[in-house]
Asks: 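Before we start, here is the structure in question, set down as structure tokens.
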There are 2 protein chains.
Amino acid sequence: MVRKSTSKETARKPNMREAILAAAEELFATNGFNAVSVRDIAQAAGANPGSVTYHFKTKDGLLLEIYRRHCGPMNLRRSELLAAAKRVRDLQDRLEAIVRAYVVPAFTSGSDLAGGGARFTRLRAVMSAEGNEVARKIIAQTFDDTSHAFIDAIHESLPHIPRTDIVWRSHFLLGALYYSLVTPERVSRLSRGEADGGDAANAIEQLVQATVASFQAPALDQAAPVRRRPVVSSKT
Amino acid sequence: MVRKSTSKETARKPNMREAILAAAEELFATNGFNAVSVRDIAQAAGANPGSVTYHFKTKDGLLLEIYRRHCGPMNLRRSELLAAAKRVRDLQDRLEAIVRAYVVPAFTSGSDLAGGGARFTRLRAVMSAEGNEVARKIIAQTFDDTSHAFIDAIHESLPHIPRTDIVWRSHFLLGALYYSLVTPERVSRLSRGEADGGDAANAIEQLVQATVASFQAPALDQAAPVRRRPVVSSKT
DNA sequence: TGATCTTTTGTACGATAGTACAAATCGTAT
DNA sequence: ATACGATTTGTACTATCGTACAAAAGATCA
């Protein structure tokens with residue numbers, strides 16, 4: 001509604017607003033929120049610092065707008081893929097499809113909103129690590145619904161696993177996903193060049209396969225939480 | 001053994017240096033490096049800002065000292081547990097013991113150095129997300145050896161899985177570990193109070209169980225990286 | 001006790017942060 | 001062409017940052 005459908009669409013350079021958003025997204029995702037100044041963003045976007053204030057009022061407002069931009073499309077895409085996945089007959093295949101529906105939109109690195117999840121997902125990872133307040137609120141509001149939908153779907157295809165276990169394992173999935181986007185070069189380093197951590201397609205396959213297996217693991221019996229501590233003995 | 005041997009051990013308050021280190025560790029781990037000022041740290045430690053400069057010269061130096069403090073003891077503990085784990089006969093049990101040897105020292109939340117890994121691990125997670133330069137260097141130097149040792153040990157107990165896959169899966173393990181320490185309340189929230197994300201013992205069990213299963217997953221055939229994309233179709 | 005070294009305090013300085021605001025500039029409709 | 005609203009620019013203000021440094025305070029030993 002800020003827009004205006006009739007005619008007046010100005011801006012000297014072709015949408016400076018978008019350029020600022022893109023620059024901020026990139027810088028926040030790689031350096032964190034506090035390490036990046038409004039002046040840094042403006043410079044990266046080829047804009048004037050005052051322009052940022054004009055379009056987004058505050059630095060928090062800029063972050064907020066980035067979230068607003070991405071949350072909708074990304075959750076929509078996830079919903080579509082989830083709906084398709086739920087139609088898969090074979091239970092094993094269905095589980096894999098569900099996990100894939102969760103992972104793919106977060107990992108795909110197209111530049112537009114619908115597909116361009118990688119940068120935004122990395123941004124969310126960094127904001128979560130920094131304990132950013134603005135991000136925390138939006139995340140809980142926007143993503144918990146989606147998370148619940150996925151957890152429910154997974155639970156349906158694994159009825160014998162307690163919901164609690166599924167929550168934990170999907171939590172691990174998100175952590176692995178985040179970390180893969182934050183530090184991809186670590187994979188290349190540890191595999192001595194045999195794997196490319198930045199190869200999104202391969203990362204997705206690895207993550208999906210590992211996660212499906214973790215979901216299929218036997219349930220933890222909650223009754224005796226501190227049962228077996230096999231063998232491992234400390235010397236001290 | 002830090003204590004005294006000859007004579008000159010001063011300090012008005014009982015080891016202000018330690019208080020500053022502890023305060024910085026806590027604040028960095030929860031808010032990130034850039035969001036915390038030297039004055040914040042000094043205040044939390046009940047010290048004067050100048051004292052921080054005196055003991056650690058710069059803010060980076062303070063972070064560096066935190067790493068120096070923890071890296072040794074933590075890797076030592078991991079080595080001990082790994083050595084014990086490798087002696088386990090049964091392959092399944094051995095794998096679980098190895099994973100546990102990796103996870104436990106990072107998760108235990110005692111206050112002293114040998115066991116107090118949770119806060120430090122969270123700190124590492126946050127620094128990794130922020131792309132902190134100081135941290136990045138130390139991490140690569142100090143932890144890659146440990147990581148390789150664990151990857152090798154896991155590979156030995158799972159000879160049929162390619163090393164690349166094991167690297168990926170242990171990468172996911174670290175991501176899940178980090179995220180569990182960064183955002184434990186998310187687990188409580190998503191499980192609707194049925195699980196406590198802050199319960200370290202339970203988190204460890206869940207993580208170990210899920211991870212062992214992921215390691216045991218069948219290998220990905222590298223030959224055809226983009227093989228099956230079952231069913232999932234997009235409507236757009 | 002007085003000399004000397006270590007630690008803490010208080011203060012200040014330059015740099016940079018977020019943001020406000022007036023002037024300049026541009027695009028568009030009249 | 002002119003007027004007007006939208007945008008961009010330039011600049012300035014205040015706050016806070018990391019850090020330096022001199023003075024004060026405390027501890028140790030001759």
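We use all heavy atoms of the structure for the numbers below, so side chains are in, but hydrogens, waters and symmetry mates are not. Below, chains carry the letters A, B, ... as their sequence lines are ordered, and counting in each starts from 1.
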Asks: Would you say a side-chain N or O of B/Thr53 is under 4.0 Å from OP1 or OP2 of D/dT19?
Replies: no

Asks: Take atom CG of A/Leu63 and atom P of C/dT19, then tell me their distance rounded to the nearest Å.
Replies: 12 Å

Asks: Out of D/dT8, D/dT19, C/dG18, which has the shortest distance to the side chain of B/Val38?
Replies: D/dT19

Asks: How many whole angstroms separate atom CG of B/Leu62 from atom C1' of D/dC17?
Replies: 15 Å

Asks: Please report the distance, rounded to the nearest Å, between CD in A/Glu18 and P in D/dT7.
Replies: 13 Å

Asks: Expressed as a whole number of angstroms, how long is the span from A/Asn48:CG to D/dA6:P?
Replies: 20 Å

Asks: Between A/Met16 (CE) and D/dA6 (C1'), how many Å, whole number?
Replies: 14 Å

Asks: Given the rule in the salt bridge (charged side-chain N to carboxylate O under 4.0 Å, His left out) test, do B/Glu205 and B/Arg100 qualify, once you have shown the distances and angles that lead to the verdict?
Replies: CA-CA 9 Å; B/Glu205 287 312 307; B/Arg100 204 179 295 274; 2.7 Å; yes

Asks: Is there a side-chain contact between B/Tyr54 and the phosphate of C/dT8, meaning an N or O under 4.0 Å from OP1 or OP2?
Replies: no

Asks: Closest nucleotide of DNA chain D for A/Arg39 versus for A/Gly50: which of these residues is on the 5' side?
Replies: A/Gly50

Asks: Distance alone, cut at 3.5 Å: any donor-acceptor contact between the side chains of A/Asp40 and A/Ser37?
Replies: yes

Asks: For A/Arg186 and B/Asp144, run salt bridge (charged side-chain N to carboxylate O under 4.0 Å, His left out): C-alpha distance rounded to whole Å, both residues' side-chain angles, the deciding distance at 0.1 Å, then the answer.
Replies: CA-CA 9 Å; A/Arg186 183 173 172 273; B/Asp144 278 12; 5.1 Å; no

Asks: Look at the side-chain N and O atoms of A/Ser51 and state whether any lies under 4.0 Å from the OP1 or OP2 oxygen of D/dT8.
Replies: yes

Asks: Rounded to the nearest Å, what distance is computed from the NE2 atom of residue A/His55 to the C1' atom of nucleotide C/dC21?
Replies: 16 Å

Asks: Round to a whole Å and report the spacing from CD of B/Gln43 to P of C/dG10.
Replies: 13 Å

Asks: Among C/dT19, D/dT19, C/dT8, which is the nearest nucleotide to the side chain of A/Lys59?
Replies: C/dT19

Asks: Under 4.0 Å, heavy atoms only, any strand: does A/Ser37 hit a base, just the sugar-phosphate, or nothing?
Replies: sugar-phosphate

Asks: Between C1' on D/dG18 and CG on A/Asn34, what's the gap in Å once rounded to a whole number?
Replies: 15 Å

Asks: Table please: side-chain donor-acceptor pairs of residues 42-52 of chain B below 3.5 Å, with sequence neighbours left out.
Replies:
from: B/Asn48; atom 1: OD1; to: B/Gly50; atom 2: N; distance (Å): 2.9

Asks: May I ask you to check whether B/Glu130 and A/Asn31 show a side-chain donor-acceptor distance below 3.5 Å?
Replies: no

